[in-house]
Amino acid sequence: MNLFSYFRTEIIAAVEKVAPGQDTSKVTAEPPREASHGDVATNAAMVLCKAVGAKPRDLADKIAAELRGHAAVTGVEVAGPGFINIRLADSFWIERLIDVLREGEAYGGSDLGKSHRVNVEYVSANPTGPMHIGHARGAVTGDALASLLAKVGYDVTREYYVNDAGAQVDVLARSVHLRYREALGEAIGEIPEGLYPGDYLKPAGAALAQLHGAKFKDAPEAEWLLEFRGHSVEAMLGMIRSDLAGLGVRHDVFVSERGLVEGGKVQAALEFLQAKGLIYEGVLEPPKGKLPDDWEPRPQTLFKATQFGDDVDRPLKKSDGSWTYFASDIAYHLDKYRRGFASMIDVWGADHGGYVKRMQAAVKAVSEGKGDLDVKLCQMVNLLKGGQPYKMSKRAGTFVTLADLVEAVGKDVVRFIMLTRKNDAHLDFDLDKVTEQSRDNPVFYVQYAHARCHSVMRHAVEIWPDWASIVQTPDPAVLQRLTDPAELGLIKQLAGWPRLVETAAEAHEPHRVAFYLYELAAGFHGLWNKGKDEARLRFLIEEDRDLSLARLALLQAVVLVISSGLAIFGVEPMKEMR
RNA sequence: GCGCCCUUAGCUCAGUUGGAUAGAGCAGCCGCCUUCUAAGCGGCAGGUCACUGGUUCGAAUCCAGUAGGGCGCGCCA
């Protein structure tokens, strides 16, 4: 239960009694910033006073009087310019603790999304080589966002768009042909400029040598290009899939750009736009600023992107007559829309920022205004070591593969750290810091809280071997023993989880989960240490079984919420950290 | 030149979609280990929310402009 949406409806009901028929859409129920103000605060009186024709504090007084009748409410105060602050009974919070225990890891989930279908497209790295660190952030962001949306009741499809139709796959095929000749015993020397130099192409070349022998060794390109292209793309995709698996990132669907092109989808999409009068032949203004050397005015096939909010109309055909990337991307998004996704989210690198408007324009056009595209741009990741910029210098260059990174610090660390910043902010990834065991390192700090809970639970088993099964069906009377402000404070944090999940999902901002978990961990560590100062606050007190059981229930709830938060991130909670 | 993103404590960053006295961590200072993991906890100090206007009961948040930083700017994907 999201207690804030629950109280919002209660507040609106109170408003209805005091001032019937008002537009209550701007009424909120939120946790006050200051804990001393109470548990739930509403702006109802302030947003409605004008329409009602009353002073905000007078209106607040009336609404407050209504709210005082609620069973869970122990106090209502009007404060400041007209806030209504509500205090809730301890028993109400105990009920929320029971919610957690009853719902387990499902706690925090909801039907907010009403099973609406959402397509989240992420990674979509070109199939020309292994994934590097820059791809990792988008991969993790998309994966976690998909999980987050699924948690609040959306029907989520995780998708990968394979760019296997552009000129870069021809380059790939030629690069692999070189490796093929190498596998056949030829000395290939330096890799020529313009071809991919990486060693990772050797297995693909060797496999083709195995398959075809020397058949294509000296053959003209036209004879082998198609075969080599297909085979190479498969090989690279295999590598990417294995990189993704190493990171624990999964997709439901892989869509091939080539498949769209060869299936006539691009043609069809453009005919659709043509029929709507959104395509024309025209000449674009030269780009401002630095002009490309070979720029010359030329009539082109253009899409009327300006009609949907873009700055200029965008070309659909290259000078050689083939489709631009944008053209097939239009077809791709139309395809998504026709597959039943009115709601689409694309996760891209920040260098594609200039592409957002035109793609959103295209989605509006192909869906006739019914579709919606949100693009999450992931900013750069700066890899550091001990605070200094770090380059893992591979022989051929300085790029850092994802596989290397995962090997160095582990997939869970990579995943969590990638989610500790909002997507549009730069992220420093310090190889030393992320494995450091200190409060400065959020992964460790959260994991440590989880492990500490389990540590107490292991001790508890020695005293009350059956505690876990007792706690599973908690007795409210026993849980009432939790009366210390620190204990109740922790329950309140736990009770805030459903709201946090909903707001993070609606904002498409998985990083909020990381900050919530960090704060929850802080709340737990604080309570733990209180037990060091005051023995009566220790979790386990042998001579008081009920109190210990109540506290174990609280720990159990902390464990459940931390693990369900980490589950959204695809991170395995640790039970021990020795 | 145009578009998008960013600017909050010495440093790294949150800020619940417009709420009350703007919060954490690190670094600094002061405390807390015979006790469930001190890998931790408590406290002190630290701010013109880049700047200037505007919108309204109320702005770090929305709008306009200015400054600084990043990304991008027909036939790359």
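Every chain is numbered from 1 and lettered A, B, ... according to where its sequence line falls, protein lines coming before strand lines. Everything numeric in this text was worked out from a predicted model, so none of it was measured.
Residue R33(A) places at least one side-chain N or O closer than 4.0 Å to OP1 or OP2 of A20(B). An OP1 or OP2 oxygen of C71(B) is reached within less than 4.0 angstrom by no side-chain nitrogen or oxygen of W348(A). An OP1 or OP2 oxygen of G25(B) is reached within less than 4.0 angstrom by a side-chain nitrogen or oxygen of R439(A). Checking the phosphate oxygens (OP1, OP2) of U16(B), no side-chain nitrogen or oxygen of H511(A) falls inside 4.0 Å. The side chain of R314(A) places no N or O atom within less than 4.0 Å of a non-bridging phosphate oxygen (OP1 or OP2) of C73(B). Checking the phosphate oxygens (OP1, OP2) of C13(B), no side-chain nitrogen or oxygen of R512(A) falls inside 4.0 Å. Of the side-chain N and O atoms in H454(A), none sit less than 4.0 angstrom from OP1 or OP2 of U37(B). At A77(B), one or more side-chain N or O atoms of K318(A) fall inside 4.0 Å of OP1 or OP2 (strictly under the cut-off). Contact annotation: K532(A) side-chain N/O to C36(B) OP1/OP2 distance is under 4.0 Å. Contact annotation: K317(A) does not reach the phosphate of C75(B) (side-chain N/O to OP1 or OP2, under 4.0 Å).
The side chain of A425(A) approaches A14(B) more closely than any other nucleotide in the set A14(B), C36(B), A77(B). Distances from the side chain of R538(A) to the nucleotides G40(B), C41(B), C36(B) place C36(B) closest. Among G40(B), C26(B), U17(B), the nucleotide with an atom closest to any side-chain atom of D440(A) is C26(B). Taking only side-chain atoms of N529(A), from C-beta outward, the nucleotide of G40(B), G15(B), A77(B) with the closest atom is G40(B). Residue K50(A) has its side chain nearest to C57(B) when only C57(B), C13(B), C5(B) are considered. The nucleotide whose nearest atom lies closest to any side-chain atom of Y518(A) is, among A14(B), U37(B), G25(B), G25(B). In this structure, the nucleotide among C36(B), C4(B), A60(B) sitting nearest to the side chain of K357(A) is C4(B). Among the nucleotides G74(B), C36(B), U16(B), the one closest to the side chain of S455(A) is C36(B). You'll find that the side chain of Q168(A) is closest to A77(B), out of G25(B), A77(B), C57(B). Nearest nucleotide to the side chain of R421(A), out of G3(B), C6(B), U12(B): U12(B).
The local environment of NZ in K265(A) is sparse, with at most 12 non-hydrogen atoms from other residues, nucleotides or ligands closer than 6.0 Å. Counting heavy atoms of neighbouring residues, nucleotides and ligands inside a 6.0 Å radius, atom NZ of K318(A) exceeds 12 of them. Within a 6.0 Å radius of CD in E281(A), more than 12 heavy atoms belonging to other residues, nucleotides or ligands are found.
Positionally, the nearest nucleotide of RNA chain B for A79(A) lies more toward the 5' end than for the other of D533(A) and A79(A). The residue among T420(A) and R452(A) whose nearest nucleotide of RNA chain B lies closer to the 5′ end is T420(A).
At a threshold of 4.0 Å, the pair R551(A)-E487(A) counts as salt-bridged, since one of the basic side-chain nitrogens sits closer than that to a carboxylate oxygen.
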Under the side chain to side chain donor-acceptor pair (under 3.5 Å) criterion, do S328(A) and E257(A) qualify, and how do the steps go?
-> CA-CA 7 Å; S328(A) 47; E257(A) 181 187 1; 2.8 Å; yes
Run the numbers on D313(A) and T306(A) for side chain to side chain donor-acceptor pair (under 3.5 Å), then give the verdict.
-> CA-CA 6 Å; D313(A) 292 337; T306(A) 47; 2.7 Å; yes
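For C33(B), the glycosidic angle deviates from 0 by 90° or less, giving a syn base. Taking 90° from 0 as the syn/anti boundary, the base of U17(B) is oriented syn.
Per the geometry, CG belonging to L377(A) stands 17 Å off P belonging to G3(B), to the nearest Å.
The same atom, C1', is picked in G18(B) and in A60(B); the two are 11 Å apart, to the nearest Å.
Judged by atom type and distance alone, D351(A) does not reach the base of A77(B) through any side-chain donor-acceptor pair under 3.5 Å.
Both the sub-6.0 Å distance and the 45° axial angle are not jointly satisfied by R314(A) relative to the ring of F326(A).
Judged by centroid separation below 5.5 Å and plane tilt below 30°, H426(A) does not stack onto the base of G70(B).
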